[in-house]
Amino acid sequence: MWTGRFSQATADLVLQYGESISYDWKLYRHDIAGSIAHARAQLKAGMLTQEEFGAIESGLKGILADIEAGKFQWSIKLEDVHMNIESELTRRIGAPGAKLHTARSRNDQVATDTRLYCRAEIDSTMQLLQDMQRALVLKAKEYADIRIPGYTHLQRAQPVTIGHHLLAYVEMLGRDYERLADCRRRVNVSPLGSGAIAGSTINLDRIGIAEELGFAGVTENSMDAIADRDYIMETLFCLSLIGTHLSRMSEDLVLWSSAEFGFCTLSDAHTTGSSLMPQKKNPDVCELTRGKSGRLYGNLVSVMVAVKGLPLTYNRDLQEDKEPLFDSFETISLALRVNTEMVAAMRINPERCAAAVADPLLLATDLADYLVRRGVPFRHAHELVGKAVAVAVGSNTPLNELTLEQFRAISPEYAEDVHSVFNLDRAFRLRTNPGAPNPDNTAHRIAFWQEKLG
Ligand code: ARG
């Protein structure tokens with residue numbers, strides 16, 4: 001592609017070191033779409049005859065078909081996807097092929113391809129997020145009113161429901177969806193026409209090209225357009241955060257499926273056995289998901305570090321952006337798909353949940369609220385309940401089984417109806433504010449998501 005100035009062939013090790021075709025072939029569909037749009041702009045500008053354009057278009061479509069049929073021979077001598085396709089086009093159609101690269105550089109070409117790739121993958125990730133939300137909403141509905149302890153510091157805190165807990169993940173994934181939709185707006189602008197750095201003296205219709213490729217607009221500065229990888233870092237951050245959310249859910253499910261908690265049972269299809277211990281049923285999907293979050297963060301950090309010290313505009317370091325990007329999309333796509341399946345097949349064990357949520361200490365805060373309703377300032381109420389808890393723990397008596405006398409010995413603010421606090425129906429009924437784990441709230445939120453997710 002650049003033999004004019006060179007008298008030596010590129011060394012084999014340099015080829016091996018610099019090739020990207022082993023992974024950037026994945027951009028082929030976008031590379032071909034970009035080339036057809038670029039050629040059409042050349043046709044409109046009178047740089048190509050109709051016949052030449054026709055040869056380029058059908059040549060590229062033929063190459064596309066061969067790639068999809070697995071019949072295309074990629075060569076590392078041709079370094080990357082752009083040169084592999086262009087050189088094969090010229091081999092097939094001759095002279096018109098050699099005109100294709102007019103007013104274009106691989107620098108704006110690779111930025112275009114990567115943006116198109118990102119956009120398509122963002123779209124499918126958004127679909128997968130919604131699939132996962134649907135599975136969680138269905139599970140939340142199925143077990144909406146099953147009560148469990150909620151935890152802070154992994155210590156029993158206050159009663160919640162399976163419905164409320166699972167809907168927390170639906171909210172997180174909802175934000176992930178919005179974040180990707182917003183990121184997509186910055187991805188979806190066309191850098192084509194920026195050339196190597198400073199546009200071209202041959203002015204093709206950038207807006208027409210952008211429209212053909214479904215971009216919402218064109219980049220406004222040729223140097224920024226060539227150097228910009230913000231959209232990749234931003235995408236990698238969005239994917240990392242999805243990974244974080246899935247990882248936190250995984251940790252909950254690892255706990256829930258343990259003998260100690262027993263709140264849920266994962267299906268045999270989504271767990272694995274041990275080669276040594278016959279009784280084991282391991283939550284490997286959860287653990288892998290937790291583990292893969294590290295790799296998603298690593299991909300984000302790799303690209304940020306690769307970009308941070310680069311002078312404008314293109315530097316070959318930027319070729320290092322693609323493997324992390326591809327890997328994160330592939331990792332998240334599989335993670336979402338397998339977790340969606342796993343959640344759909346998961347069963348909740350109501351007896352184990354009921355046993356755990358029967359712990360009266362979960363209502364210690366409600367007991368303080370009871371005193372507050374009777375006029376006791378909260379800090380004081382907190383202390384009076386703390387004392388009651390100490391008596392209960394010290395005498396090995398459940399908090400709700402302390403006698404009225406025992407309560408009143410702590411404070412006369414405890415009245416005859418003190419035991420009415422230890423009632424889970426009441427505890428949930430009283431929590432009427434938006435966002436609280438009240439059954440009506442849960443039902444409304446399930447309806448909201450079902451409507452939204454279709
Ligand atoms: N394979 C290259 C990349 O991914 C394409 C751009 C090459 N540009 C260049 N000036 N060498 O970044």
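The first residue of the sequence shown is numbered 1, and numbering continues consecutively from there. Just follow the structure's listing: the first ligand is 1, and inside any ligand the first atom is 1.
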query: For the rings on F237 and Y297, is their centre-to-centre separation under 6.0 Å?
result: no
field: Cation-pi geometry met for R347 and Y143 (6.0 Å, 45°)
entry: no
message: For ligand 1, give me the residues whose heavy-atom distance to it is below 4.0 Å, by chain and number please.
response: S20, D80, H82, R106, N107, V110, Y314, Q319, K322
- prompt: With ring centroids as reference points, do F72 and Y28 lie under 6.0 angstrom apart?
  reply: no
task: State whether the number of non-hydrogen atoms from other residues, nucleotides or ligands found under 6.0 Å of E451 atom CD is greater than 12.
output: no
message: So, taking the atom named CG in L300 and the one named OG in S328, what distance separates them when rounded to the nearest 0.5 Å?
response: 8.0 Å
field: W256 ring center within less than 6.0 Å of H165 ring center
entry: yes
